[in-house]
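Keep in mind the model is a prediction, meaning the values are calculated, not measured. Basis for what follows: all heavy atoms, side chains included, without hydrogens, waters or symmetry-related copies. Indexing begins at 1, ligand by ligand and atom by atom, following the structure's order. Nothing fancy with the numbering, it's 1 onward along the sequence.
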Amino acid sequence: MAAEQNSIHGLWRNRWLFILAATGSAVGLGNIWKFPYITGENGGGAFVLVYLFCICLIGLPVMLAEVMLGRMGRQSPINTMTAIAKDAGANRLWSGIGWMGAVAGFLILSFYSVIAGWALAYIFRMAGGMFEGASAEVASTTFGNLVGNPEVLLAWHTIFMVITIAVVARGVNQGLEKAIRILMPMLFVLLFLLLGYALSSDGFSQGFSFLFSFDFSKLTGESIVVALGHAFFTLSLGLGAIMAYGAYMPSDVSIGKTVVLVGILDTLVALAAGLAIFPIVFANGMEPGAGPGLLFQTLPIAFGQMPAGTLFGTLFFVLITFAAWSSSISLAEPIVAWAVESKGMSRAHAATWVGVAAWVLGIGTVLSFNLWSDYKVFDKTLFDLLDFLTTNILLPLGGLFIALFVGWVMHKSDVAAEVRMSNPTLYKAWMIVLKFIAPVAVAVVLINGLL
Ligand code: TRP
């Protein structure tokens with residue numbers, strides 16, 4: 001197809017910057033905050049296995065498809081999908097993939113910023129030495145006091161949204177790229193330090209077997225939906241974030257190898273986070289199913305007891321904030337890029353509007369942890385509902401349509417020319433996954449799990 005070689009938003013300067021940016025998008029609250037707590041809520045090992053299965057069998061192939069679409073279109077996901085659908089002579093409705101993704105990104109950004117605000121708040125609680133020698137009880141009271149206070153949550157949510165928008169407003173090279181080059185390497189170093197601590201703790205073997213012993217009796221239809229949804233969430237798939245990043249990828253880079261590397265890094269970080277957190281949970285007699293507060297109630301205890309814990313604890317929450325930051329920018333990028341292309345807005349203008357709107361919606365999430373915590377629909381608070389709707393429904397649906405579009409609608413010669421896979425067997429396998437396996441698996445899981 002008539003792809004341009006460039007994007008008006010700029011290009012990543014080299015292959016590594018794409019890898020760092022995509023990994024920065026993928027590694028975030030999903031890995032460090034969400035993966036441990038949903039694993040806890042869904043019974044541990046068996047859930048992890050299903051999740052890994054979803055990553056390999058569905059996540060990576062869909063990611064490959066998304067990056068490929070992005071690089072071919074070289075525009076925001078909405079305009080990329082519109083252009084490629086037109087070139088393929090397909091129905092214009094396919095551009096709906098871009099629209100649905102933009103909406104999902106906006107919804108996720110609204111609650112993501114609130115949770116990232118917790119991490120931001122914990123930097124200061126840690127640095128102030130609040131957890132030195134703290135018991136499990138002190139840790140959970142401290143967490144309860146934070147989320148119980150809407151004004152404080154709102155303040156941190158506001159700060160996080162401002163820093164996110166500040167990066168997106170500066171564009172791909174001056175904003176995204178600069179931030180990512182500093183944030184990502186630091187994240188890896190700290191995670192390894194923390195993992196070292198967990199390895200030496202009393203609860204390690206119990207934590208390890210919780211994560212890796214497979215008890216299938218604990219799996220329910222809903223937990224399979226959650227595992228699938230999380231595979232999309234953690235790889236940043238199904239809403240066009242990775243498609244937008246793919247649009248800025250230099251043309252000579254191998255998409256396949258790059259995608260696999262990002263998937264491996266993302267999975268390692270999630271498993272490392274689980275291995276760092278569950279030993280502390282068990283060593284302190286806490287509940288693995290504690291829910292969204294798990295990370296914030298366990299890690300402070302460990303830091304409170306380790307030598308120089310205040311320092312490491314502070315750094316660790318700085319890094320969670322960084323991880324969240326390099327992810328949140330990718331949630332805003334698809335809509336901002338679209339507004340720049342199609343509404344003639346400046347980047348700064350577009351980013352500000354998206355930020356303000358997501359900030360307002362985020363207030364609902366803030367209140368769902370305190371004043372509105374009793375308002376429930378289907379037994380879920382507003383935060384739970386937004387999370388469930390986006391992660392477990394919209395992202396898998398986005399992935400399903402992307403797989404169908406690339407597998408069935410596009411001209412095969414265009415696809416092959418863009419991905420340029422050197423191994424024909426792998427290419428065939430990828431096509432089979434996109435045509436049959438991913439769509440059927442996602443459809444079956446969604447239908448079963450939701451009904
Ligand atoms: N992957 C990120 C995380 O694990 C969240 C995220 C960023 C995301 N961009 C996304 C999720 C796009 C879905 C789609 O925290």
Distance filter under 4.0 Å to Leu395 heavy atoms, resulting ligand 1 atoms: 13 (C)
Gly30, any N or O under 3.5 Å of ligand 1 N or O: yes
Ile242 and ligand 1 - part of the residue with a heavy-atom distance under 4.0 Å: neither
Under 3.5 Å: donor-acceptor pair, side chain of Tyr112, backbone of Leu29: yes
Per-atom contacts of ligand 1 with Ala241, taking only distances under 4.0 Å to non-hydrogen atoms: 12 (C)
Nearest-0.5 Å distance, CD1 of residue Ile165 to OG of residue Ser328: 8.0 Å
Exercise: identify the closest heavy-atom pair between Ala438 and Ile58: CB-CG2, 4.1 Å
Interfacing atoms of ligand 1 (cut-off 4.0 Å, heavy-atom, Ser330): 7 (C), 9 (N)
Numbered atoms and elements of ligand 1 in range of Leu239, under 4.0 angstrom, heavy atoms: 12 (C), 14 (C)
Protein heavy-atom partner closest to atom 2 (C) of ligand 1 - residue, atom, separation in Å: Ser25 O, 3.1 Å
Exercise: identify the closest heavy-atom pair between Thr23 and Val262: OG1-CG2, 3.8 Å
For Ala26, atoms of ligand 1 separated by under 4.0 Å from a heavy atom: 1 (N), 2 (C), 3 (C), 4 (O)
Any Tyr112 heavy atom less than 4.0 Å to ligand 1: yes
Donor-acceptor under 3.5 Å (Glu341 side chain, Ser76 main chain): yes
Shortest protein heavy-atom distance from atom 8 (C) of ligand 1, along with the residue and atom involved: Ser236 OG, 3.5 Å
Arg15, CZ atom: more than 12 neighbouring heavy atoms under 6.0 Å: yes
Qualifying residue for ring-ring contact (aromatic ring centres under 6.0 Å, His included) with Tyr122, from Phe131, Trp33, Phe316, Phe303: Phe131
Sole residue of Arg74, Arg13, Glu333 in side chain to side chain donor-acceptor pair (under 3.5 Å) with Tyr248: Glu333
Proximal atoms of ligand 1 relative to Leu29 (non-hydrogen, under 4.0 Å): 15 (O)
Top protein contact for atom 11 (C) of ligand 1, by heavy-atom distance: Phe233 O, 3.1 Å
